[in-house]
Amino acid sequence: MQADISTAEGTHKVITATLERLEGIDILVNNVGGSSAPAGGALALSDEDWQSAIDTNLLAAVRLDRGLLPSMLNQGSGVIIHISSIQRTLPLWEATLAYAAAKAALTNYSKGLSKQVGPHGVRVNSVAPDLLKQRLQRP
């Protein structure tokens, strides 16, 4: 299925089709992310750049969780994985500041959601890929 999950309509399409076909899910991996914002730091970013980063990197996951989490809670088990970014704590301000802020928000949201739904059998994890080899080579 094709859908733009940076929009409410796109996530609704995915949620509806998933629940119609599967009646529920066991695992949800929120892996969407990216930035098309211009370089130049905070002053180069328009409201539209910020909104696009938030819609893509935060609200897509929030909306999918909100639509698919109830089936996990009903069955008493499930796993939600949010793919964040190392930029959640190490933002590249000159190029992807809005993306980094959205991924920081996603990470905080993940932690809060895990506290809420963990006692009901649903595990929530946030993964922040990093260039580990590069980090290990730092002095």
Side-chain angles (χ1 to χ4, degrees):
M1 146 186 348
Q2 292 183 349
D4 178 359
I5 62 170
S6 70
T7 67
E9 297 79 20
T11 53
H12 178 73
K13 180 179 176 182
V14 170
I15 292 162
T16 301
T18 300
L19 294 177
E20 284 175 358
R21 291 179 189 157
L22 303 176
E23 297 180 9
I25 62 169
D26 298 314
I27 300 171
L28 172 59
V29 179
N30 288 295
N31 191 37
V32 70
S35 175
S36 60
L43 297 180
L45 299 174
S46 67
D47 284 357
E48 291 78 18
D49 294 324
W50 279 98
Q51 192 63 58
S52 176
I54 291 168
D55 286 342
T56 301
N57 297 289
L58 173 63
L59 289 178
V62 170
R63 290 174 180 136
L64 288 171
D65 292 351
R66 193 170 48 221
L68 297 171
L69 179 59
S71 69
M72 292 181 187
L73 293 171
N74 286 338
Q75 67 193 20
S77 65
V79 178
I80 296 174
I81 301 170
H82 295 136
I83 306 300
S84 185
S85 170
I86 191 62
Q87 286 197 57
R88 68 186 183 180
T89 57
L90 298 170
L92 298 175
W93 63 267
E94 69 278 3
T96 54
L97 185 57
Y99 166 83
K103 289 299 187 178
L106 177 65
T107 300
N108 196 35
Y109 162 72
S110 297
K111 185 66 171 179
L113 185 62
S114 73
K115 299 291 187 186
Q116 178 184 350
V117 301
H120 304 285
V122 178
R123 187 172 68 244
V124 179
N125 293 101
S126 176
V127 179
D130 185 9
L131 298 174
L132 183 58
K133 181 179 176 185
Q134 182 181 14
R135 290 186 71 191
L136 293 175
Q137 293 175 352
R138 291 183 190 160

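Positions are given from 1, in the same order as the sequence printed here. FYI, side chains are in, hydrogens and waters are out, and symmetry mates aren't considered; it's all heavy atoms of this structure. Everything numeric in this text was worked out from a predicted model, so none of it was measured.
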Approximate separation, where rounding is to 0.5 Å, of R66 CZ and L113 CG: 11.5 Å
Assess the residue pair V117 and L73 against the criterion (side-chain contact (heavy atoms from CB on, under 4.5 Å)); give the C-alpha distance rounded to whole Å, side-chain angles, the decisive distance to 0.1 Å, and a yes or no. CA-CA 8 Å; V117 301; L73 293 171; 4.1 Å; yes
Quick one: are L45 and P38 in side-chain contact, heavy atoms under 4.5 Å? yes
How close do L106 and A61 get, counting heavy atoms only, and between which atoms? CD1-CB, 3.8 Å
Filter on ring pair (Phe, Tyr, Trp, His ring centres under 6.0 Å), then keep only pairs touching residues 18-73, sequence neighbours left out; what's left? none
As a quick check of understanding, evaluate side-chain contact (heavy atoms from CB on, under 4.5 Å) for I83 and N30, giving each step before the final call. CA-CA 6 Å; I83 306 300; N30 288 295; over 6 Å; no
Starting at NE2 of H120, measure out to OG of S77 and round the result to the nearest 0.5 Å. 13.5 Å
Do L64 and I15 pass the side-chain contact (heavy atoms from CB on, under 4.5 Å) test, and can you show the C-alpha distance, the side-chain angles, and the key distance before you say yes or no? CA-CA 7 Å; L64 288 171; I15 292 162; 3.9 Å; yes
Decide yes or no for V79 and L28: does some side-chain heavy atom of the first lie under 4.5 Å from some side-chain heavy atom of the second? no
Any link between V14 and V32 through a network of hydrophobic side chains (Ile, Leu, Val, Met, Phe, Trp, Tyr) touching at under 4.5 Å? yes
Grouping I, L, V, M, F, W and Y whenever their side-chain heavy atoms are under 4.5 Å apart, do V62 and V122 come out in a common cluster? yes
Is L90 reachable from L58 through a run of hydrophobic residues whose side-chain heavy atoms are each under 4.5 Å from the next? no
How many angstroms lie between OG1 in T7 and CG in L59, if you round to the nearest 0.5 Å? 11.0 Å
Taking the side chain from N57 and the backbone from I54, do they hold a donor-acceptor pair closer than 3.5 Å? no
Flag side-chain contact, heavy atom, 4.5 Å: K13 against D4: no
Does S114 use its side chain to pair, donor to acceptor, with the backbone of V124 at less than 3.5 Å? no
Sequence neighbours left out, what passes side-chain contact (heavy atoms from CB on, under 4.5 Å) with S71? Give chain and number order. L19, I25
Considering all heavy atoms of both residues, which atom of V127 and which atom of P129 are nearest to each other, and what is their separation? O-CD, 3.3 Å
With no hydrogens and no angle check, just 3.5 Å: does a side-chain donor-acceptor pair link S126 and H82? no
CE (M1) and OG1 (T18) are apart, to the nearest 0.5 Å, by 5.0 Å
Under a 3.5 Å distance rule, please check whether S52 uses its side chain to pair with a backbone N or O of E48 as donor and acceptor. no
So OG1 of T11 and CG of D55: to nearest 0.5 Å the spacing works out to 10.0 Å
Could you check whether any side-chain N or O of Q87 sits under 3.5 Å from a backbone N or O of Y99, counting only pairs where one atom can act as donor and the other as acceptor? no
With a 4.5 Å limit on heavy-atom distance, are the side chains of L97 and L92 in contact? no
Stepwise side-chain contact (heavy atoms from CB on, under 4.5 Å) check, M72 with L68: CA-CA 7 Å; M72 292 181 187; L68 297 171; 5.5 Å; no
If I take atom OG from residue S35 and atom NZ from residue K103, how far apart are they, to the nearest 0.5 angstrom? 11.0 Å
In short, G10 meets A3 closest at the heavy-atom pair O-CB, 3.6 Å
